[in-house]
Asks: 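Can you read through this structure? Questions will come right after.
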Amino acid sequence: MFLNQNCFKMHEIAERLQRLSASQTLAMAQKSRELKASGIDVINLCIGEPDFNTPDHIKEAAKKAIDDNFSFYSPVQGYDDLIQAVCAKLKRENNLNYKPENICVSNGAKQCIANVILSLVNYDDEVIIPTPYWVSYIELVKLARGINVLVEAGIDQDFKVTPEQIEKAITPRTKLFLFSSPSNPTGAAYTKEELKAIAEVFARHEQVLIISDEIYEHINFNGAHESIAQFDFIKDRVILINGVSKGYAMTGWRIGYVAAPLWIIKALIKLQGQYTSGPSSIAQKASVAALNTDYSLLKGMRDKFHERRDLVVKLMNEIPGLRCNVPDGAFYVFPEASHYFHKTNGTSMIKNDDDLAMYLLNKAHVAVMGGTAFGAPGYIRLSYATSEENLIEAMKRIKSALSLLR
Ligand code: PMP
Ligand code: GLU
């Protein structure tokens with residue numbers, strides 16, 4: 001008998017999963033789909049994914065891959081031509097030199113981040129996360145039994161943490177710093193100067209590795225994307241995450257990649273080899289076509305997001321009580337909404353941002369996310385990755401529902 005009867009619980013999920021919360025963005029999206037299916041005209045601003053179709057030449061590459069019988073397991077690390085395309089893209093668009101051995105391809109940027117965290121974080125290791133953060137970061141750290149150290153940056157500092165704040169949060173147990181720029185949920189993007197000042201902090205703390213989530217790279221309205229990996233004095237500690245989901249309108253294809261030092265890539269391949277194997281062969285071939293595209297040909301999508309950002313910020317500023325900054329990129333606005341807390345329309349009392357999101361879903365039939373899911377109570381997140389027509393209608397409904405709160 002090798003089971004300890006005191007610990008063994010019949011028919012119960014493992015403790016590691018009991019620690020984990022379900023993805024709130026995906027849960028809200030599901031709720032909004034269900035309402036829509038029941039005949040209610042819900043406008044979904046709660047999920048962050050481009051509303052554009054994948055460009056035709058990328059779809060053609062996938063069809064060709066099927067015809068050419070790319071139906072076998074790929075190498076765990078990813079196909080050679082995709083890895084070459086990633087290296088060429090990093091050189092061409094970011095002026096970053098990575099060798100093929102420094103790349104690992106996975107099922108979306110989400111799996112890349114999960115692989116890195118599970119490969120690096122030990123029990124009680126600390127991970128510093130600028131807050132507001134993307135929902136999955138803290139859950140994956142919890143899964144690895146690490147400790148989330150949240151460094152807060154609200155709307156008054158344009159949702160960007162300062163080097164001083166980061167330095168104060170670093171301890172001898174700090175293993176990772178994990179951030180996205182442009183950011184989900186705020187759209188804030190760090191400038192080159194800001195990134196350099198942050199990199200200089202890490203230069204003084206050699207134990208810290210940096211996960212730079214650059215999935216929104218191409219949706220940046222302030223000019224060229226800046227990566228923290230450009231600073232040679234810390235590059236051997238930077239783990240760059242990117243993928244095709246957002247910039248190429250390919251969320252469902254599930255391809256992301258990591259560029260990192262070899263010792264980390266070896267660990268990712270070991271984990272992935274036991275866990276999922278290499279990602280879909282067809283999606284990888286489509287991603288070769290995506291990454292080899294001159295991005296100026298696809299920038300129509302970014303321009304559309306830019307127009308929508310301006311539209312939403314303008315309409316948002318016409319709603320009393322919502323305080324909204326101007327996001328630099330991604331496709332979210334993150335207004336401060338606490339003005340509406342402790343108000344009621346006679347039937348619903350709004351105590352917090354989740355109540356407000358629920359009120360807007362039920363009353364205005366607009367699905368948004370409460371800021372608490374991103375570590376920022378008091379805010380709400382709206383995705384503007386939908387048509388201008390939907391955005392105008394949604395903002396009209398939100399304005400009218402909020403005007404009923406006293
Ligand atoms: N990082 C951030 C900041 C995101 O918003 C997303 C989108 N859900 C991801 C990573 C994951 O992207 P992917 O679809 O490539 O898994
Ligand atoms: N990044 C998107 C969002 O935040 C997709 C949902 C998810 O993967 O959690 O809405």
Side-chain angles (χ1 to χ4, degrees), residues 2-4 7-9 12-23 76-77 101-131 133-152 161 165-180 198-199 201-215 228-229 234-242 256-277 374-375:
F2 56 86
L3 287 173
N4 176 345
C7 302
F8 183 71
K9 302 232 176 69
E12 193 172 276
I13 60 164
E15 182 263 338
R16 83 177 66 81
L17 264 189
Q18 294 182 28
R19 272 197 312 274
L20 192 74
S21 307
S23 165
V76 174
Q77 188 180 359
E101 65 190 27
N102 297 119
I103 308 297
C104 181
V105 180
S106 302
N107 295 285
K110 193 181 265 185
Q111 192 194 6
C112 295
I113 299 164
N115 282 351
V116 173
I117 290 174
L118 291 174
S119 298
L120 293 175
V121 175
N122 280 316
Y123 181 78
D124 271 2
D125 281 350
E126 294 172 7
V127 181
I128 298 178
I129 303 184
T131 302
Y133 48 70
W134 179 47
V135 280
S136 295
Y137 293 164
I138 61 156
E139 298 303 328
L140 292 170
V141 172
K142 281 200 260 168
L143 189 63
R145 307 214 65 176
I147 296 177
N148 288 297
V149 177
L150 305 181
V151 176
E152 291 180 14
V161 291
Q165 283 181 291
I166 296 171
E167 186 127 42
K168 238 170 105 185
I170 295 176
T171 76
R173 288 217 61 100
T174 306
K175 185 76 178 249
L176 280 171
F177 176 74
L178 166 52
F179 79 120
S180 60
I198 290 173
V201 172
F202 295 123
R204 293 193 283 277
H205 300 276
E206 285 194 335
Q207 82 278 21
V208 186
L209 300 161
I210 300 122
I211 303 183
S212 176
D213 179 351
E214 303 182 16
I215 191 76
I228 197 164
I234 54 153
K235 187 171 171 224
D236 64 348
R237 286 189 275 133
V238 173
I239 302 152
L240 188 158
I241 310 276
N242 208 332
Y257 57 86
V258 181
L262 182 59
W263 66 276
I264 294 175
I265 296 295
K266 279 186 180 163
L268 305 183
I269 294 171
K270 186 166 157 188
L271 176 63
Q272 184 155 296
Q274 293 291 13
Y275 206 46
T276 57
S277 300
F374 309 95

Asks: Can you tell if the side chain of Asn242 reaches within under 4.5 Å of the side chain of Leu240, non-hydrogen atoms only?
Replies: yes
Asks: Regarding Thr276 and Gln111, is there a side-chain donor-to-acceptor distance under 3.5 Å anywhere?
Replies: yes
Asks: Do Asn115 and Val258 have side-chain heavy atoms sitting under 4.5 Å apart?
Replies: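 Of all side-chain heavy-atom pairs linking Val258 with Asn115, none is under 4.5 Å.
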Asks: Output all residues satisfying side-chain hydrogen bond (donor to acceptor under 3.5 Å, both in side chains) with Glu15, sequence neighbours left out; order by chain, then residue number.
Replies: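 Listed in chain order: Arg19.
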Asks: Taking C-beta and beyond as the side chain, do Val105 and Gln77 meet within less than 4.5 Å on heavy atoms?
Replies: no
Asks: Using modelled atom types only, decide if a donor and an acceptor are shared between the side chain of Asn102 and the backbone of Pro261 within a distance under 3.5 Å.
Replies: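 Looks like no, no N/O pair under 3.5 Å.
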Asks: Going through the distances and angles, do Lys175 and Val208 end up as a side chain to side chain contact (heavy atoms under 4.5 Å, CB included)?
Replies: CA-CA 5 Å; Lys175 185 76 178 249; Val208 186; over 6 Å; no
Asks: Can you list everything that forms a side-chain hydrogen bond (donor to acceptor under 3.5 Å, both in side chains) with Asn148? Sequence neighbours excluded, please.
Replies: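 Once residues adjacent in sequence are excluded, Asn148 has no partner under the side-chain hydrogen bond (donor to acceptor under 3.5 Å, both in side chains) criterion.
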Asks: Starting from the C-alpha separation in whole Å, work towards a yes-or-no answer on side chain to side chain contact (heavy atoms under 4.5 Å, CB included) for Leu209 and Ile239.
Replies: CA-CA 7 Å; Leu209 300 161; Ile239 302 152; 4.2 Å; yes
Asks: Where is the tightest heavy-atom contact between Ser212 and Val238, given as atom of each residue plus distance?
Replies: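 Ser212 and Val238 have their closest heavy atoms at CB-CG1, 4.4 Å.
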Asks: Hey, are Gln272 and Ser277 close enough side-chain-wise for a donor-acceptor pair under 3.5 Å?
Replies: no
Asks: What distance do Ile147 atom CD1 and Glu126 atom CD have between them, rounded to the nearest 0.5 Å?
Replies: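 Answer for the CD1-CD pair, Ile147 versus Glu126, is 5.5 Å.
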Asks: Between atom OG of Ser106 and atom CD1 of Ile113, what is the distance when rounded to the nearest 0.5 Å?
Replies: 10.5 Å
Asks: For the residue pair Ile210 and Phe202, establish whether any side-chain heavy-atom pair is separated by less than 4.5 Å.
Replies: yes
Asks: Distance alone, cut at 3.5 Å: any donor-acceptor contact between the side chains of Asp213 and Tyr137?
Replies: yes
Asks: For a 4.5 angstrom cut-off between non-hydrogen side-chain atoms, does Val116 reach Leu140?
Replies: no
Asks: Less than 4.5 Å apart, any side-chain heavy atom of Ile129 and any of Ile138?
Replies: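 The answer is yes; the side chains approach within 4.5 Å.
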Asks: What I'd like to find out is whether the side chain of Ile215 reaches to under 4.5 Å of the side chain of Ile241, using heavy atoms alone.
Replies: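 Not in contact.
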Asks: Can you tell me how far apart CG (Leu17) and CG (Leu143) are? Round to the nearest 0.5 Å.
Replies: 7.0 Å
Asks: Which pair of heavy atoms, one from Ala199 and one from Ile234, lies closest together, and at what distance?
Replies: CB-CD1, 3.6 Å
Asks: Say you draw a straight line from CD1 of Ile103 to CG of Leu268; how long is it, rounded to the nearest 0.5 Å?
Replies: 11.0 Å
Asks: Work out which heavy atom in Cys112 is nearest to a heavy atom in Tyr257; give both atom names and the distance.
Replies: SG-N, 3.4 Å
Asks: Checking Val121 against Val127 for the side chain to side chain contact (heavy atoms under 4.5 Å, CB included) test, could you report, in this order, the C-alpha distance in whole Å, the side-chain angles of both residues, the deciding distance, and whether it holds?
Replies: CA-CA 8 Å; Val121 175; Val127 181; 4.0 Å; yes
Asks: Would you indicate whether the side-chain heavy atoms of Ser21 and Lys142 approach each other to under 4.5 Å?
Replies: yes
Asks: How far does OG of Ser119 sit from CH2 of Trp263, to the nearest 0.5 angstrom?
Replies: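 If we round to the nearest 0.5 Å, Ser119:OG and Trp263:CH2 are 9.5 Å apart.
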Asks: Assess whether atom CD of Glu206 is packed by more than 12 heavy atoms of other residues, nucleotides or ligands within 6.0 Å.
Replies: no
Asks: If you compare all heavy atoms of Cys104 against all heavy atoms of Ile265, which two are closest, and at what distance to 0.1 Å?
Replies: N-CD1, 3.8 Å
Asks: One pair to check against side chain to side chain contact (heavy atoms under 4.5 Å, CB included): Val161 and Thr131. What are the steps and the verdict?
Replies: CA-CA 8 Å; Val161 291; Thr131 302; over 6 Å; no
Asks: What residues form a side-chain hydrogen bond (donor to acceptor under 3.5 Å, both in side chains) with Glu167, not counting sequence neighbours?
Replies: Arg204, His205
Asks: Between Arg173, Arg145, Gln207, which is the residue that forms a side-chain hydrogen bond (donor to acceptor under 3.5 Å, both in side chains) with Asp125?
Replies: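 Filter result, single survivor: Arg173.
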Asks: Counting heavy atoms not belonging to Lys266, are there more than 12 under 6.0 Å from its NZ?
Replies: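 It does not: Lys266 NZ has 12 such atoms or fewer within range.
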Asks: Out of curiosity, Leu120 CG to Leu178 CG, how far, rounded to the nearest 0.5 Å?
Replies: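 The CG atom of Leu120 sits 11.5 Å away from the CG atom of Leu178.
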